[in-house]
Amino acid sequence: MMSSKNNVFRGAIALLLCGSIISCSDKKVFDEERESNDVEFFISASESETASYLLAVPDITAKEKLTIKGKGMESDAYGSWLFPTPYVGIGLQYRKGDPGIGIGIALGPNGKIIKSGSEFQIVSRFTTYGVFQEKVLSVVEGIVQRDDKGNMDNTKLYSTFNFINPANNNAVTTITKSTTNLTGNGEYSILSGVVQFGANNFLTALVPRQFKEGLDRNGKPTLVMSDTQYPDSVWIASFDKDLKMTKLYGDDRISYAAGRHRSQFYNTIGGDDEGNLYAFAPKNAITSKASGVLKINKGASEFDKNYYWNLDEEVVKSGISSSPSFNRIHHVKGDYFIVEYLIKGSNPIEGDVPSSNALAIVNVRTKEFKWVKNIPDYNYYPKFHTPIADGGKFYVPVKEVDKLPAIYIIDPVTGQATKGLEVDAKDINGIGKLRKK
């Protein structure tokens, strides 16, 4: 740690520079020799498709530019970040059909990010994930079971669950379990989202699929999936730590509550501050139902028959006529949620279309819907990456075409976004908050 005398001297120099012709907008937002605060923001910023820097900063709301070159902890580029405890972050890297990999990180004593536990591999890959009982839980769908002779069980499809435990050196415990006929209609259920529900259970949305015998890419007999026969129903299941289904909620006013981008299924269920649960169902290609929201009151065993909210009507009222869909939601505070939409933009886009390019704020109690203001124009397809909600605000990294990525801070009450820290990097993969051990 620097002496107090040096701190005063450096502070005086900084003040003199701010009054000179040198711009303070490009100054460092942290001193590499500083002592870590008790709690700091975490940033994962990438320089390429495969490499990134992991940094700790005291404040991401500052209207400054952070230079990452040669700073921070170098690592692979992890696309998803979860925080199972206040002290540990877990990064996950999806590798298409290959096993996923992961890393644990923590806030070190000298203002830097350090590794926490071992790097690990998710052999089964993953298609959805979340936090449960201070562990990260990832799930992959469509698992075929065979006996020692290679004979296929053609009566069931399975899902594989991976529990990643930061308290045990990031050890991965893998359980494969049948998720066929969970709803009683004989179909298979893909799981979408993992949401802690009380102390001992988690909730997930069930995405129904038919399955039958077919051939894999190598011509080997396997089970293949196709669209459900029952697209106009929603099912939410509660599981305990042993993966026993403890409750099942069903309704036919909306379709299944799950967002999707390629092979990834995203969470669209969440609770408010009072323990009520809301299921957001985007309109999909095979349902006759509008995008909508249903409610499960705290302690109830079924959906609230008096609560229904048509989100498609809200979008039309807002002046958007392209029938956009959403693919994930985030609880911010109280009755406020952020909903990530993909709206067809008017300008061409190079490369992949992002999973979302516009953000809406919804109040599930008053049924107020509004688009977030002062964020990059959806017509130019900005990309939103792993956000956090903290202290009643929503913090999200945004990448615009031909501009440096930046972090935007959204006030759900006013609907206004404010641009905070800008990062001199290719992209910001995710942000978080860490407490020093």
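Starting from 1, each residue takes its place in the sequence as its number.
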F161, F265, Y94 screened by side chain to side chain contact (heavy atoms under 4.5 Å, CB included) with F126, the one that passes: Y94

What is the minimum heavy-atom distance between I388 and I431, and which atoms define it? CG2-O, 3.4 Å

Non-neighbouring partners of S355 that pass side-chain hydrogen bond (donor to acceptor under 3.5 Å, both in side chains), sequence neighbours left out: none

Please enumerate all residues that pass side-chain hydrogen bond (donor to acceptor under 3.5 Å, both in side chains) together with N218, with sequence neighbours excluded. none

Just say parallel, tilted or perpendicular for the rings of Y341 and W371, cut-offs at 30° and 60°. perpendicular

Basic-acidic side-chain contact under 4.0 Å: D251, K305: yes

Pair E340, H330 - check side chain to side chain contact (heavy atoms under 4.5 Å, CB included), show working. CA-CA 9 Å; E340 294 192 31; H330 311 272; 2.7 Å; yes

Can you tell me how far OG1 of T222 sits from CD of E213, rounded to the nearest 0.5 angstrom? 9.0 Å

Identified side chain to side chain contact (heavy atoms under 4.5 Å, CB included) counterpart of L82 within the set V194, V131, I164: V131

Would you name the heavy atoms of I343 and Y381 that are closest together and state the gap between them? O-CE2, 3.9 Å

Euclidean distance, L157 CG relative to I190 CD1, rounded to 0.5 Å: 9.0 Å

Should the heavy atoms of other residues, nucleotides or ligands under 6.0 Å from NZ of K373 be counted, would the total exceed 12? no

Using every non-hydrogen atom in the two residues, find where Q133 and Q196 come nearest and quote the distance to one decimal. N-OE1, 2.8 Å

Can you establish whether the number of heavy atoms outside K115 located under 6.0 Å from its atom NZ is more than 12? no

May I ask you to decide if the ring planes of Y249 and F303 are parallel, tilted or perpendicular, using 30° and 60° as cut-offs? perpendicular

What heavy-atom pair brings V140 and R125 nearest, and what distance separates the two atoms? CB-O, 3.7 Å

Would N162 and T174 satisfy side-chain hydrogen bond (donor to acceptor under 3.5 Å, both in side chains), going step by step from the backbone distance to the final call? CA-CA 5 Å; N162 297 284; T174 299; 2.7 Å; yes

Flag, side chain of D272 to backbone of N276, donor-acceptor distance under 3.5 Å: yes

Output, in order, the C-alpha distance, side-chain angles, deciding distance and verdict of side chain to side chain contact (heavy atoms under 4.5 Å, CB included) for Y78 and N429. CA-CA 7 Å; Y78 295 90; N429 301 318; over 6 Å; no

How about K220: does its NZ atom have over 12 heavy atoms from other parts shown lying under 6.0 Å from it? no

Which pairs of donor and acceptor atoms, one on a side chain in residues 392-403, lie under 3.5 Å apart (sequence neighbours left out)?
from	atom 1	to	atom 2	distance (Å)
K399	NZ	K403	O	2.8

Can you check whether V364's main-chain N or O pairs, donor with acceptor, with D335's side chain at less than 3.5 Å? no

Verify the neighbour count for atom OH of Y230: are there more than 12 heavy atoms of other residues, nucleotides or ligands below 6.0 Å? yes

Roughly how far, to the nearest 0.5 Å, is the NZ atom of K437 from the CG atom of L107? 10.5 Å

Can you tell me if N37 uses its side chain to pair, donor with acceptor, with the backbone of V39 under 3.5 Å? no

Between F280 and F337 (judged by ring centroids, cut-off 6.0 Å), do the two rings come close enough to count as a pair? yes

Heavy-atom count check: over 12 atoms from other residues, nucleotides or ligands less than 6.0 Å from K367 NZ? yes

Q145 and D153 side chains, donor-acceptor separation under 3.5 Å: no

Residues which pass side chain to side chain contact (heavy atoms under 4.5 Å, CB included) with K212, listed by chain and number, not counting sequence neighbours: V224

Please determine, by modelled atom types, if N284 and S255 share a side-chain donor-acceptor pair under 3.5 angstrom. yes

Test your reading of the model: is there a side-chain donor-acceptor pair from K289 to the backbone of D252, 3.5 Å cut-off? yes

Heavy-atom side-chain contact between V423 and I68 under 4.5 Å: yes

Heavy-atom closest contact (T268 atom, R328 atom, distance): CG2-CA, 3.8 Å

Determine the minimum heavy-atom distance between I254 and A281, stating which atoms define it. CD1-CB, 3.6 Å

Show your reasoning for whether side-chain hydrogen bond (donor to acceptor under 3.5 Å, both in side chains) applies to H385 and D427. CA-CA 9 Å; H385 295 291; D427 213 341; 2.8 Å; yes

Is K244 paired with D242 through a side-chain N to carboxylate O contact shorter than 4.0 Å? no

Under the ring-ring contact (aromatic ring centres under 6.0 Å, His included) rule, collect the residues that match up with Y266, sequence neighbours excluded. none

Verify whether the ring centers belonging to F369 and W309 lie closer than 6.0 Å. no

Report, one line per pair, each donor and acceptor closer than 3.5 Å where one atom sits in a side chain of residues 197-206; sequence neighbours left out.
from	atom 1	to	atom 2	distance (Å)
N201	OD1	T246	OG1	3.0
T204	OG1	S192	N	3.2
T204	OG1	S192	O	3.3
T204	OG1	G193	O	2.7

